[in-house]
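Read the structure below first, then the notes.
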Amino acid sequence: MPLGKQELTFLREVLPFWGRLTDAQREAVGQKSVLRHFPAGAPLHSGPNDCAGLYVIRSGQVRSYILSEEGREVTLFRLYERDVCIFSASCIMKNIQFDVYTQAVEDSDAILIPTPVYRELRESSLAVSEYTGQLLSSRFSDVMWLLEQILFMRFDRRLALFLLEHADGNGRLKATHEEIARDMGTAREVVTRMLRYFQSEGMVRLSRGQIALTDLKKLKKTASRIQRRKS
């Protein structure tokens, strides 16, 4: 079923190249794209053999992650309303494959521009081609930032950064220790031990399925701490 007026208005507002498409190209997107609903936990993209197309997040929250041979997950980045998932259309990029998975964190709606449609746009429109390159560059920057954290940051600093980034406006984070460990690519016991240390220092207060940030100044100091590397 073609997209409705609201969905087309949403795409026009979100996609910077929309105004540079021809009428025929916009009509093709409207006719062949679909609005999909994903319950919390449902997959949007399941690895390199899945190439559904470009997802534009309409509402909710999704995460992209990699999976080790042992089954351990590491979250690369999260996408929210008005964000665009490019890895789900990675097959349109020659010689580039992404062994990346994308999953709804909460109930989410997303507009899917199918791979054949987006491939045609990218090949025929310089604006779309430029946007694709910029989006890929942005996502690779996210991945490199994560890699830098994993390789060079002490875990207390990484965890402090994570808490500050993901807490809501009231300084609360609804997440289990297992969920945090999954996002950070480590063991639950490591997360639990460091959170208990943070609690003993008065930086957080722990309760079932929730963490309250109680000393933002001390957490920010921990997050910005300069590491001394061994010579």
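- Under the 4.5 Å side-chain heavy-atom criterion for ILVMFWY residues, a single connected hydrophobic cluster contains both Leu159 and Leu206.
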Exercise for review: Show your reasoning for whether side-chain contact (heavy atoms from CB on, under 4.5 Å) applies to Leu11 and Val29.
Suggested key: CA-CA 10 Å; Leu11 289 181; Val29 173; 3.9 Å; yes
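- For Asn170 (side chain) and Arg172 (main-chain N/O), no donor-acceptor pair under 3.5 Å exists by modelled atom type.
- Summarising the geometry, atom CG belonging to Leu219 is positioned 7.0 Å from atom CG belonging to Asp215; distances are rounded to the nearest 0.5 Å.
- Leu21 and Leu126 are members of different hydrophobic clusters when ILVMFWY side chains are connected at heavy-atom separations under 4.5 Å.
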Exercise for review: Assess whether side-chain contact (heavy atoms from CB on, under 4.5 Å) is satisfied between Ile150 and Arg158, documenting all intermediate values.
Suggested key: CA-CA 8 Å; Ile150 292 174; Arg158 286 186 63 207; 3.7 Å; yes
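- Linking ILVMFWY side-chain heavy atoms closer than 4.5 Å, directly or via other members, places Val105 and Leu173 in two distinct hydrophobic clusters.
- Between Gly53 and Ser88 the shortest heavy-atom distance is O-OG, 2.6 Å.
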Practice item. Go through the steps for Lys217 and Lys221 under the test side-chain contact (heavy atoms from CB on, under 4.5 Å), then give the verdict. Key: CA-CA 6 Å; Lys217 184 177 180 180; Lys221 183 178 180 180; 5.9 Å; no
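- Rounding to the nearest 0.5 Å places CD1 of Ile86 at 12.0 Å from OG of Ser137.
- Counting heavy atoms from C-beta outward, Phe87 and Leu136 have side chains that approach closer than 4.5 Å.
- One finds the CE atom of Met194 at 8.5 Å from the CE atom of Met203 (value rounded to the nearest 0.5 Å).
- Judged as a salt bridge (charged side-chain N to carboxylate O under 4.0 Å, His left out), and not counting sequence neighbours, the contacts of Asp142 are Arg139.
- Note on Val56 and Phe17: same hydrophobic cluster, where clusters join Ile, Leu, Val, Met, Phe, Trp and Tyr whose side-chain heavy atoms are under 4.5 Å apart, directly or indirectly.
- When all heavy atoms of Met184 and Phe155 are compared, the pair lying nearest together is CE-CE1, 3.7 Å.
- Here Thr75 contributes atom OG1 and Asp183 contributes atom CG; the two are 3.5 Å apart, rounded to the nearest 0.5 Å.
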Point to revise | Stepwise side-chain contact (heavy atoms from CB on, under 4.5 Å) test for Asp107 and Phe38 | key: CA-CA 6 Å; Asp107 289 355; Phe38 298 92; over 6 Å; no
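- Atoms CG and CD, from Leu35 and Gln6 in turn, are 10.0 Å apart once rounded to the nearest 0.5 Å.
- Contacts classified as salt bridge (charged side-chain N to carboxylate O under 4.0 Å, His left out) and involving residues 31-46 (residues at least two apart or in different chains) are not found.
- Note: the hydrophobic cluster containing Val62 also contains Ile66 (ILVMFWY, side chain heavy atoms under 4.5 Å, direct or indirect links).
- Side-chain contact between Val84 and Ile57 is absent, with no heavy atoms from C-beta onward closer than 4.5 Å.
- Remark: side-chain polar atoms of Asp109 are not paired, donor with acceptor, to backbone N or O of Arg58 under 3.5 angstrom.
- Take Arg182 and apply the side-chain contact (heavy atoms from CB on, under 4.5 Å) test, not counting sequence neighbours, and it matches Arg63, Glu73, Glu179.
- Just one residue in the list Leu15, Leu8, Thr9, Val14 forms a side-chain contact (heavy atoms from CB on, under 4.5 Å) with Arg12, and that residue is Thr9.
- Arg157 contributes a side-chain N or O that, together with a main-chain N or O of Ala223, makes up a donor-acceptor pair within less than 3.5 Å.
- Among all heavy-atom pairs drawn from Thr222 and Ala160, the shortest one is CG2-CB, 4.0 Å.
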Practice item. List the steps, then state whether salt bridge (Lys or Arg N to Asp or Glu O under 4.0 Å) holds for Asp156 with Arg154. Key: CA-CA 6 Å; Asp156 59 343; Arg154 283 175 33 168; 2.7 Å; yes
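- At distances below 3.5 Å, not a single donor-acceptor pair connects side-chain atoms of Gln199 with backbone N or O atoms of Arg205.
- Every pair passing salt bridge (charged side-chain N to carboxylate O under 4.0 Å, His left out) that includes a residue from residues 79-91 is listed here, sequence neighbours excluded: Glu13-Arg82.
- Under a cut-off of 6.0 angstrom, the local environment of OH in Tyr197 is sparse, with at most 12 non-hydrogen atoms contributed by other residues, nucleotides or ligands.
- Applying the side-chain hydrogen bond (donor to acceptor under 3.5 Å, both in side chains) test to every pair with at least one member in residues 125-134, sequence neighbours left out, gives these pairs: Tyr118-Thr132.
- For the side-chain contact (heavy atoms from CB on, under 4.5 Å) with Thr102, the qualifying choice from Ser46, Cys85, Pro43 is Cys85, the only one to do so.
- By the 4.5 Å heavy-atom criterion applied to side chains, Leu121 and Gln25 are counted as neighbours.
- Between Leu3 and Phe10 there is no side-chain heavy-atom pair separated by less than 4.5 Å.
- Side chain of His45 to backbone of Cys51: no donor-acceptor contact under 3.5 angstrom is found.
- Formation of a donor-acceptor pair under 3.5 Å by the Ser224 side chain with backbone atoms of Lys220 is found in this model.
- You'll find the side chain of Trp145 stays beyond 4.5 Å of the side chain of Phe140, heavy atoms only.
- Checked against side-chain hydrogen bond (donor to acceptor under 3.5 Å, both in side chains), Thr214 has no partners two or more places apart in sequence or in another chain.
- Counting heavy atoms from C-beta on, the side chains of Ile111 and Tyr55 never come closer than 4.5 Å.
- A donor and an acceptor atom, one from each side chain of Gln61 and Arg78, are located under 3.5 Å apart.
- One distance of note links OG of Ser108 with CG of Leu44; it measures 7.0 Å at 0.5 Å rounding.
- Of all heavy-atom pairs between Ser64 and Val100, the closest is CB-CG1, 3.9 Å.
- Contact of the Phe162 side chain with the Ile180 side chain is registered, since non-hydrogen atoms from C-beta on lie closer than 4.5 Å.
- With a 4.5 Å cut-off on side-chain heavy atoms, Leu216 and Leu213 count as touching.
- Pairing each heavy atom of Pro39 with each of Ala104, the nearest pair is O-CB, 3.5 Å.
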